[in-house]
Amino acid sequence: MSQAPKKKLHLPRSKGGKIVFNLVITLIVGFVYFYLTLPAINLQSSDFYVFVGLLCLVYLLSALVSSGFQMENGGPKEYFRFIKAQCLPVGILFALLLVVALVGTVISMPIFRAGAYRELLQVETGDFAAEIAEISFNEIPTLDRDSADFLGDRQMGTLSDMVSQFEYSNDSTQINYQGRPVRVAPIAYADLIKWFTNRGEGLPAYVIVDMVTQEATVVRLDEGIKYSYSEPLNRNILRHLRFQFPTFMFSAPRFEIDDEGHPWWIAPRVVKRIGLFGGTDIQGAVLVDAVTGACTYYDEVPTWVDNLYTASLIMEQYDYHGMLVNGFLNSIFGQRDVTVTTSGYNYIALNDDVYMYTGVTSANADQSNLGFLLSNQRTKETKFYAAPGATEEAAKASAQGAVQDLRYTATFPLLLNIADEPTYFIPLKDSANLVKSYAMVNVAQYQIMAVGSTVPECEQAYIKLLSSKGIAVPDALPQTQVSGQVADIRTAVLEGDTYYFIQLEDEAVYYSVSAVQNRDVVTLNIGDTVTIEHAVAPEGESVSILDGYTLTISRRAPRTYPGNE
């Protein structure tokens with residue numbers, strides 16, 4: 001039985017036909033690679049050189065295939081002459097780019113441009129007590145990113161109409177929104193099938209987590225978010241940006257909302273300030289409407305934008321600033337006056353902007369800080385505040401040691417001004433990522449540390465401890481006193497502790513008093529005369545409950561017993 005003849009691949013025979021064939025194959029492979037990896041068409045991007053190198057390699061392999069690997073009339077010598085004739089322009093291009101990359105790398109090295117690297121970040125010296133005001137309780141973030149994402153994910157799980165189709169994206173951004181520190185994150189399609197069935201309407205909501213009250217809210221939109229990371233095709237935010245701005249290099253786009261709550265993607269434009277590849281910096285940003293996809297480049301972004309410079313970039317630039325203070329060789333050998341940032345960072349809201357905080361230590365990475373940085377993430381305005389003392393890790397260990405029986409873990413500290421003292425504020429979390437307690441640790445003397453179940457309670461204990469050490473004066477205590485007869489008493493168990501809510505005559509507010517901190521409250525009766533020290537109510541806010549810290553029973557009401565009425 002005869003076999004059917006095998007079909008042969010018909011390749012072009014003419015030189016011109018082979019060149020066209022090679023170019024078509026190269027363009028197809030190049031388009032697929034570009035669509036998937038999205039390299040910037042920019043000589044300052046290392047991805048560009050990889051992209052062009054791949055194209056050259058594909059063309060060469062295609063030329064080998066189109067020539068049929070034949071060695072005619074002279075053997076290998078003639079064969080390589082034939083390949084050289086087709087691939088010479090490609091080889092010249094590849095060699096030229098290789099030379100540019102090598103020269104660009106050399107002229108961008110810190111050893112030759114130490115002064116330029118040091119000047120990437122302008123650092124001023126600040127006065128902590130004078131410039132960093134004490135912030136009120138309703139401005140202190142009590143969550144870290146992990147805790148905020150946990151609360152956002154849990155809130156999504158309560159929405160029966162969304163949870164089967166969408167999920168929390170775990171891609172939150174800390175911003176100031178309507179005067180409060182919050183984290184915002186878009187939701188995402190649960191899987192590819194859910195994307196296919198819902199892509200017409202887009203993502204119908206985003207999530208806001210209040211960093212102070214720990215309240216997570218799903219904000220529903222009139223028109224869904226069409227452009228996001230969870231889009232697999234052209235509406236993917238990275239692909240959309242690349243097609244709109246093929247030559248721009250971008251830092252990772254971050255999700256924000258404007259003052260009206262409209263969703264946006266903020267894509268900072270990355271530039272290289274030194275040589276060809278050195279001195280990474282930011283120059284403006286592209287703002288992408290998350291609903292319509294409209295893109296606008298701003299050299300100076302609007303003031304409602306909070307995230308332009310990432311914490312990692314600011315820390316990288318400061319490390320150059322601190323290490324190269326006396327030149328490149330000194331940064332390696334002598335290390336005189338060399339400083340670097342510590343291993344972590346956090347965020348604080350000041351003057352309607354978000355500031356990145358990180359510590360500064362010496363180059364030998366000892367267990368003490370020289371001070372700390374505060375850097376505006378929108379303008380990169382950076383100040384160094386001298387505050388010798390414990391590192392953040394030492395403060396975390398001190399806080400965890402105070403609650404070791406509860407096995408709470410400390411989040412990365414936030415730096416606050418408490419009674420004009422630089423103070424680490426450390427939320428303490430349980431194994432479920434829920435904040436259960438708070439610690440305040442003095443930067444200069446980290447053995448001065450207080451823990452409380454609420455922020456006001458923690459601050460009261462901390463300030464009293466400072467006063468006992470002769471560091472703070474009693475006038476710094478943000479509290480007041482109230483006296484009167486008890487008109488109503490109610491109780492509740494909150495997070496395992498019993499709280500008594502006391503209302504005095506002729507007052508509408510209730511004062512919450514912890515039975516753990518004030519055992520006398522257990523014997524309190526209606527009609528008793530008491531004195532309660534409590535937090536000052538936030539200015540301009542109407543409150544129904546104030547936290548009490550100490551309670552003194554001045555006079556007890558007469559008791560009546562059966563038989564002596």
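- Residues forming a salt bridge (charged side-chain N to carboxylate O under 4.0 Å, His left out) with Lys396 (at least two apart in sequence, or on another chain): Glu393.
- A donor-acceptor pair under 3.5 Å is formed between the side chain of Ser169 and the backbone N or O of Pro186.
- For Phe112, the ring pair (Phe, Tyr, Trp, His ring centres under 6.0 Å) test picks out no residue, with sequence neighbours left out.
- Not counting sequence neighbours, the partners of Tyr297 by the ring pair (Phe, Tyr, Trp, His ring centres under 6.0 Å) test are Phe248.
- Side-chain contact check for Phe34 versus Arg242: some heavy-atom pair is nearer than 4.5 Å.
- Counted within 6.0 Å of OH on Tyr35, heavy atoms from surrounding residues, nucleotides or ligands total more than 12; the atom is thus considered enclosed.
- For Asn376, the side chain to side chain contact (heavy atoms under 4.5 Å, CB included) partners two or more places apart in sequence, or in a different chain, are Asp353, Tyr355, Arg378, Thr379, Glu381.
- Results of the ring pair (Phe, Tyr, Trp, His ring centres under 6.0 Å) test with Trp265 over Tyr229, Tyr206, Tyr227 single out Tyr229 as the only residue that passes.
- By the ring pair (Phe, Tyr, Trp, His ring centres under 6.0 Å) test, Tyr309 pairs with no residue at all, sequence neighbours left out.
- Going from atom CE of Met211 over to atom CD1 of Ile175 covers 11.0 Å, rounded to the nearest 0.5 Å.
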Give the table of side-chain donor-acceptor pairs shorter than 3.5 Å for residues 45-53, with sequence neighbours excluded, one pair per line with atom names and distance.
{"from": "Ser45", "atom 1": "OG", "to": "Asp47", "atom 2": "N", "distance (Å)": "3.3"}
{"from": "Tyr49", "atom 1": "OH", "to": "Leu43", "atom 2": "O", "distance (Å)": "2.8"}

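- Here the shortest heavy-atom pairing between Gly152 and Val207 reads CA-CG1, 4.0 Å.
- Asp420 pairs by the side-chain hydrogen bond (donor to acceptor under 3.5 Å, both in side chains) definition with nothing, not counting sequence neighbours.
- When each of Lys272, Gln44, Gln317 is tested with Thr280 by the rule side chain to side chain donor-acceptor pair (under 3.5 Å), just one qualifies, namely Lys272.
- Closest approach of Trp304 to Ile266, counting heavy atoms only: CH2-CD1, 4.1 Å.
- With hydrogens and angles disregarded, a donor-acceptor distance shorter than 3.5 Å links the side chain of Arg254 to the backbone of Ala252.
- Heavy-atom minimum distance, Leu221 versus Leu203: CD1-O, 4.2 Å.
- With salt bridges taken as basic N to acidic carboxylate O contacts below 4.0 Å, none links Lys194 and Glu167.
- In this structure the side chain of Glu119 never reaches within 4.5 angstrom of the side chain of Arg273, judged on heavy atoms.
- Every residue was checked against the ring pair (Phe, Tyr, Trp, His ring centres under 6.0 Å) condition with Tyr177, not counting sequence neighbours, and none meets it.
- Contact of the Val24 side chain with the Phe21 side chain is not registered, since no non-hydrogen atoms from C-beta on lie closer than 4.5 Å.
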Q. Given the rule in the side-chain contact (heavy atoms from CB on, under 4.5 Å) test, do Lys383 and Glu131 qualify, once you have shown the distances and angles that lead to the verdict?
A. CA-CA 10 Å; Lys383 287 192 176 183; Glu131 297 177 7; 3.2 Å; yes
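- With a 4.5 Å cut-off on side-chain heavy atoms, Asn198 and Phe166 count as touching.
- The distance from the CG atom of Asn170 to the CE atom of Met156 is 11.0 Å, given to the nearest 0.5 Å.
- The line from CE of Met315 to CG of Leu373 is 9.0 Å long, rounded to the nearest 0.5 Å.
- More than 12 heavy-atom neighbours from other residues, nucleotides or ligands sit within 6.0 angstrom of OH on Tyr189.
- Arg113 and Ile107 get closest at one heavy-atom pair: CG-O, 3.5 Å.
- Looking at Glu316 and Leu120, their side chains never come closer than 4.5 Å, going by heavy atoms from C-beta outward.
- Counting only heavy atoms from C-beta outward, the side chains of Leu414 and Pro427 never approach each other to under 4.5 Å.
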Q: Give the intermediate values and the outcome of side-chain contact (heavy atoms from CB on, under 4.5 Å) for residues Val455 and Val212.
A: CA-CA 10 Å; Val455 177; Val212 179; over 6 Å; no
Q) Could you go step by step and tell me if Glu421 and Tyr462 meet the side-chain hydrogen bond (donor to acceptor under 3.5 Å, both in side chains) rule? A) CA-CA 11 Å; Glu421 284 288 310; Tyr462 175 71; 5.4 Å; no
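- Phe94 CZ: 12 or fewer foreign heavy atoms inside a 6.0 Å radius.
- Between Phe425 and Tyr438, the gap from one ring centroid to the other is short of 6.0 Å.
- Here Phe128 and Phe372 bring their ring centres to under 6.0 angstrom of each other.
- Screening residues 283-307 for salt bridge (Lys or Arg N to Asp or Glu O under 4.0 Å) gives no qualifying pairs among residues at least two apart or on separate chains.
- Between Arg145 atom CZ and Thr173 atom OG1 the span is 7.0 Å, to the nearest 0.5 Å.
- Closest of all the heavy-atom pairs between Ile426 and Ala395 is CD1-O, 3.6 Å.
- Between Leu374 and Thr382 the shortest side-chain heavy-atom distance does not fall below 4.5 Å.
- A heavy-atom distance below 4.5 Å is not found between the side chains of Pro253 and Val288.
- Listed by chain and number, the residues in a side chain to side chain contact (heavy atoms under 4.5 Å, CB included) with Thr409 are Gln400, Lys429 (sequence neighbours excluded).
- Partners of Ser108 according to the side-chain hydrogen bond (donor to acceptor under 3.5 Å, both in side chains) rule, which considers only residues two or more places apart in sequence or in another chain, do not exist here.
- Residues meeting the side chain to side chain contact (heavy atoms under 4.5 Å, CB included) test with His321, sequence neighbours left out: Arg118, Val123, Tyr318.
- To the nearest 0.5 Å, the span separating CD1 on Ile140 from CD1 on Ile348 amounts to 8.5 Å.
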